[in-house]
Amino acid sequence: MHDLKDIRSKPDYYKEKLSKRNKELVTLLEEILTIDQKKREVQTKADELRKRKNEIASEISRSKDDLSKTETLKSESITIGTTLGEIEKNEIDLTFQLNEKAMWLPNVPSDDVPFGEDETQNKEVIKWGNPRTENWIKPHWEIGAKLNILDFERGVKIAQSRFTVLSGMGAKLERALMNFMLDHASERGYTEIFPPILVNKEAMIGTGQLPKFEGDFYKCENELLYLVPTAEVPITSLHKDEVLMLDQLPRKYCAYTPCFRREAGAASKDTRGIIRQHQFNKIELVKVASSETSDKEHEELTQDAEEILRKLELPYRKILLCTGDIGFSAMKCYDLEVWFPSQGVYREISSCSNFGSFQARRINIKYKLTQKDKPVFVHTINGSGLAIGRTLAAILENYQNEDGTVTIPKILRSYLKNADKVN
RNA sequence: GGAGAGGUGGCUGAGUGGUCGAAAGCGGCAUCCUGCUAAGAUGUUGUAGGGUCAAAAGCUCUACCGAGGGUUCGAAUCCCUCCCUCUCCGCCA
């Protein structure tokens, strides 16, 4: 959500920035400005009428004994009321339209985000590790099934496709990864949170999931609650409607939650394996920062996530997303992609974004320097640290041995009673 | 699930149809005072939107007493619907 006043004062800036994402957004912006203009006119008119009505009401109370005057005033008020009713209907309608449209306006990209139309024009920042290329390496779903740690058939039996059962060392590895990543984040000063996994609609709107992506999420039938698609939603909402003091910033949080996504529209993508599941586990890193430091905090958060891949010794690359590929709410975003030797590709395992004040304006989180300062919106930042299912899949491939066993990454062994191999 | 109570400004808490955006206290801010670990005095003190203005300040208008409707010239106050919180009972991991 943008500040309408700001858009009004420099429409060309917004047009230029938004057109870098998508040219059609310029049309949307122009529509918004037109409606805004009309709405303000109507509001002014309505305010005037309300003012007169208020005047009449107090005149009546002041001269109650003058019956004929009172009657005249009453009828004037009733006449105004009729006109006002029409105008108010219009006002409400325009306000609704305005909000509706403004909700669909994505964030403007930062100046240092490269221009590009789609993911092919993203920019590689760094590449780390030595990717394995042996052609005997099997995809994770084959090795996982063979080792009896990934059970796809039973996942479908219990739920439906894109649900998988982890068993034995699979389940233990998942849990070890969870603990390892949370410990890593805690060491770096993130406060661990275990939030509700069902959230209300306001939280979903606040972080930008709704209204644009309705249909991507699981919604309860009898309550207006959603299963979280990411811990970003509850964690960023922790400070909803709060004013924080500058010296309390940045706030750093980490959280484990399962994540639920309907993956509508991903019908033929990643149908095998555990890359794209309806339910997956993830550790999320979230920061609430001041506008002065958000850029630095974003870089550091990304590095905190990268460090996990380095500790696990998984080859990865860091991508700076271009204007056409950046997420709806983000102004700048790095993706971390881990190497999958069986397919010979890097796949996204973390997405670290700076949202500027975009989410904060929706959620209403502000900060101020001292008690007498006027509060301003915070900046929010988040990133996966990391998606656990994909990390497990990456381990099964990158740590695979020719005899069909999988070596356990050194950093995880202390979480697994020093086991060094899955066989 | 059953029974009851309640939702008012940063907080506590008055206010049951007319200068109520809302008493009072606390807190915050500003100034003053006093040499004694701190207190006192006075003033000030919400949010959002609009208009005016080059802009800021200022001035001004409107809205907001859980949300949405209704009654009325006029609603924090009356009526209806919904949401939420708390207490007790029951049930349950």
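Note on naming: letters A, B, ... go to the chains in the order of the sequence lines (proteins, then strands), and numbering restarts at 1 for each one. Everything numeric in this text was worked out from a predicted model, so none of it was measured.
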With both distances under 3.5 Å as the test, what is the Watson-Crick or G-U wobble partner of [N]?
N: B:rG68; result: B:rC80
N: B:rC26; result: B:rG10
N: B:rU31; result: B:rA41
N: B:rA48; result: B:rU62
N: B:rA54; result: none
N: B:rC20; result: none
N: B:rC92; result: none

Protein-nucleotide distance ([X], atom [atom1]; [N], atom [atom2]), rounded to Å:
X: A:K374; N: B:rA57; atom1: NZ; atom2: C1'; result: 12 Å
X: A:L98; N: B:rG49; atom1: CG; atom2: C1'; result: 11 Å
X: A:E242; N: B:rU47; atom1: CD; atom2: C1'; result: 16 Å
X: A:D6; N: B:rA55; atom1: CG; atom2: P; result: 14 Å
X: A:L369; N: B:rG28; atom1: CG; atom2: C1'; result: 15 Å
X: A:R361; N: B:rA48; atom1: CZ; atom2: C1'; result: 14 Å
X: A:I365; N: B:rU47; atom1: CD1; atom2: P; result: 18 Å
X: A:I56; N: B:rU72; atom1: CD1; atom2: P; result: 16 Å

Does [X] reach the side chain of [Y], with side-chain heavy atoms less than 4.5 Å apart?
X: A:I274; Y: A:R390; value: no
X: A:Y415; Y: A:F180; value: yes
X: A:I283; Y: A:I388; value: yes

Quick test of your reading: applying salt bridge (charged side-chain N to carboxylate O under 4.0 Å, His left out), list the pairs with at least one residue in residues 231-251 of chain A, sequence neighbours left out, ordered by first then second residue.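 Salt bridge (charged side-chain N to carboxylate O under 4.0 Å, His left out) check on residues 231-251 of chain A returns no pairs.
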Check the phosphate of [N] against [X], side-chain N and O only, distance under 4.0 Å to OP1 or OP2. Yes or no?
X: A:R8; N: B:rG50; answer: yes
X: A:K53; N: B:rC73; answer: no
X: A:K368; N: B:rC29; answer: no
X: A:K5; N: B:rG49; answer: yes

Taking [M] as the reference, what is the distance to [N] when you measure between their [atom1] atoms (whole Å, please)?
N: B:rC59; M: B:rA67; atom1: C1'; result: 34 Å
N: B:rG7; M: B:rU77; atom1: C1'; result: 15 Å
N: B:rU85; M: B:rU45; atom1: C1'; result: 29 Å
N: B:rG66; M: B:rU52; atom1: P; result: 34 Å
N: B:rG9; M: B:rC65; atom1: C1'; result: 8 Å
N: B:rA48; M: B:rG21; atom1: C1'; result: 14 Å
N: B:rG68; M: B:rC84; atom1: P; result: 16 Å
N: B:rU8; M: B:rG46; atom1: C1'; result: 13 Å

Upstream residue (5' side of RNA chain B) when A:D3 and A:S77 are each assigned their closest nucleotide: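 Counting from the 5' end, the first nearest nucleotide belongs to A:D3.
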By nearest nucleotide on RNA chain B, pick out whichever of A:R62 and A:T44 is the more 5' one.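 Comparing both residues, the 5'-ward one is A:R62.
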Looking at the rings of A:H298 and A:F355, which for Trp means the six-membered one, are their centres under 6.0 Å apart?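 Distance test on ring centres: not under 6.0 Å, no.
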Indicate, with yes or no, if the rings of A:Y14 and A:H2 have centres closer together than 6.0 Å.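 For A:Y14 and A:H2, the ring centres are under 6.0 Å apart.
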Protein-to-nucleotide contact annotation, 5' to 3' order, nucleotides 61-68 of chain B [B base; S sugar-phosphate only; - none; under 4.0 Å, heavy atom]: SSS-----
Tell me whether the rings of A:F328 and A:F358 are parallel (<30°), tilted (30 to 60°) or perpendicular (>60°).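 It falls in the perpendicular class, over 60°.
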Which label fits A:Y218 and A:F260: parallel for a plane angle under 30°, tilted from 30 to 60°, or perpendicular past 60°?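 Rings of A:Y218 and A:F260: perpendicular, over 60°.
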Does A:E299 pair with A:K332 as a salt bridge, N-O distance under 4.0 Å?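 Salt bridge: yes.
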Tell me what A:I60 touches on the nucleic acid: a base, only sugar-phosphate, or nothing, going by heavy atoms under 4.0 Å.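 Result for A:I60 = base.
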What contact category does A:K39 fall into here, base, sugar-phosphate, or nothing, at under 4.0 angstrom with non-hydrogen atoms?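 Sugar-phosphate, backbone atoms only, no base.
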Taking the cut-offs as 6.0 angstrom to the six-membered ring centre and 45 degrees off its axis, would you call A:K20 and A:F115 a cation-pi pair?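 That pair does not qualify as a cation-pi contact.
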